[in-house]
Amino acid sequence: MNQTTAFQQVSEFILSTFQDTLKEPSGELHYPYISPGGPYATNLWDWDSYWTLYAIFKTYDRRGNAAGIESLRKYARGTLLNFLEHQGKDGALPIELMLADADRFDCLKSADNNMAKPFIGQLAGLLFEYGQLSKEELEKYLPQIQAYHQCFFDRYLDRRTGLIFCAKDWGLGVDDDPAVWGRPYKSCASLFLNCFLYCDMEAAAELAGICGDKDTGIFEKSHARNIADAVRKYCWDEREKSFFSVDLQCNVNLVQLKNTLLNKNLETFWHCLKLKILSWNCILPFWAGIGTKEQFDAFIEENFTDDRLRSDYGIRSLSCDESMYAPGVKRGNPSNWLGPLWIVSTYITVETLKKFGHTEEARKQADGCIAMLARDLEKTGTFHEYYLPETGEPVHNPGFMSWNALAALME
């Protein structure tokens, strides 16, 4: 099958099948919404729904299909409204909404729990861009978006570094990211969380500008800038040519010994230590616009290689030279991010490669991903949640759509 035929097959399957992810109100979900499909067919998840809508809106837009965009109105709007309806008093939003439980992860109950990944500002911006929200509605919902962002700083801010930490090691998005998974609670400022929060606050700042809300715009822009500065300062490693998540467990431990402070001059002025685990998360500061072209070029030369992150079908979610590398394991819950190929991470990588002028490599990654998905369709008639980097064979969860719809943008 040639590449053009493969892309047509994949994109047409997406546009014909994603309709199965459109759900009507039921139980605790009082508005229509977008589900990921497959084993998650009745659930509403935070970043899954954003990327699915992003993919379909952009695909319809490229094809000039205004009617297709309009057909999503109630599901797109309802996705946002379901989250905002269940917002906590401190601004927290749930990670997952189920028919019988609108806050499965108890995000609203305690600051000791994680909350929704930072995509609500971006979701609102996407809906406004495609005419799904009016300016008046933006003005109405913007205080809730700001309260949600403020909640990150009230709950999860490490004041020494200015970075945002994960409260626990579940509900992360990248479920078993070794930088967070199985490690002490509140110990990791992950690249995933900080980079996407930066993007979400940038999106909210733009919405505030549209609404003429100067105060909200200043809040969102200044906090986004502080996060970006902190990522640049604490997460870049010049020797490894990569950004990394960081461990925040650097404390001043003053020891009293025979009426003397043994280590009074040995303050841990470095505040955090880089967790040098090479994963697709290391791409995110570049995608977000935090890292420079010079840094990205160095990163690609050093780390985007066949014996690390690169494969013929997309980017490995974890470098194959890490001891935790185990792409063929069907972990399920949590999902496996220990090396398998995910379409969302490959899409972000392709876009970042193009952004910084690595067009040939971007084309190779996109073509490999499309060929892999087309082969899966021929063999099984559907997509899967993630794939083996070495062979492109599916690993787990047939029928999964979600951000696999991003493949329709890899033309």
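We're numbering straight along the sequence, starting at 1. Computed from a predicted structure; not experimentally measured.
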Ring pair (Phe, Tyr, Trp, His ring centres under 6.0 Å), paired with Phe119, selected from Tyr148, Phe196, Tyr54: Phe196
Which of Phe192, Trp342, Tyr386 passes ring pair (Phe, Tyr, Trp, His ring centres under 6.0 Å) with Trp337? It is Trp342
Can you name the residues that form a salt bridge (charged side-chain N to carboxylate O under 4.0 Å, His left out) with Arg308, not counting sequence neighbours? Glu302, Asp321
I need the full list of salt bridge (charged side-chain N to carboxylate O under 4.0 Å, His left out) pairs touching residues 28-57, with sequence neighbours left out, sorted by first then second residue. Asp46-Lys117
Does Glu411 have any salt bridge (charged side-chain N to carboxylate O under 4.0 Å, His left out) partners at least two apart in sequence or in another chain, and if so, which? none
Tell me yes or no: between the side chains of Tyr198 and Arg225, is some donor less than 3.5 Å from an acceptor? no
Report, one line per pair, each donor and acceptor closer than 3.5 Å where one atom sits in a side chain of residues 280-291; sequence neighbours left out.
from   : atom 1 : to     : atom 2 : distance (Å)
Asn281 : ND2    : Ser279 : OG     : 3.0

Among pairs that include at least one residue of residues 95-104, which meet side-chain hydrogen bond (donor to acceptor under 3.5 Å, both in side chains), considering only residues two or more places apart or in two chains? Asn43-Glu96, Glu96-Arg104
Tell me yes or no: between the side chains of Tyr40 and Glu385, is some donor less than 3.5 Å from an acceptor? yes
Please list, chain by chain and in numerical order, all residues satisfying side-chain hydrogen bond (donor to acceptor under 3.5 Å, both in side chains) with Lys379, sequence neighbours excluded. Glu393
Side-chain donor-acceptor pair under 3.5 Å between Glu390 and Tyr313, yes or no? no
Test side-chain contact (heavy atoms from CB on, under 4.5 Å) applied to Glu70 - qualifying residues, sequence neighbours left out: Arg73
According to side-chain hydrogen bond (donor to acceptor under 3.5 Å, both in side chains), who are the partners of Thr305, at least two apart in sequence or on a separate chain? Asp307
Pairing residues for Glu322 by the side-chain hydrogen bond (donor to acceptor under 3.5 Å, both in side chains) criterion, not counting sequence neighbours: none
Is the shortest side-chain heavy-atom distance between Glu85 and His30 below 4.5 Å? yes
I'd like to check Ile300 versus His358 (side-chain heavy atoms, cut-off strictly below 4.5 Å). Are they in contact? yes
Between Lys168 and Asn113: side-chain donor-acceptor atoms closer than 3.5 Å: yes
Can you label the angle between the Trp403 ring and the Phe400 ring as parallel, tilted or perpendicular, going by 30° and 60°? perpendicular
I'd like to check the side-chain hydrogen bond (donor to acceptor under 3.5 Å, both in side chains) partners of Thr161; sequence neighbours left out, ordered by chain and number. Asp158
With a cut-off of 6.0 Å (strictly less than), are more than 12 heavy atoms of other residues, nucleotides or ligands near NZ of Lys58? yes
Please list, chain by chain and in numerical order, all residues satisfying salt bridge (charged side-chain N to carboxylate O under 4.0 Å, His left out) with Glu351, sequence neighbours excluded. Lys354
Could you state the interatomic distance from CG (Leu53) to CZ (Arg77), rounded to the nearest 0.5 Å? 13.0 Å
Under the salt bridge (charged side-chain N to carboxylate O under 4.0 Å, His left out) rule, collect the residues that match up with Lys241, sequence neighbours excluded. Glu238
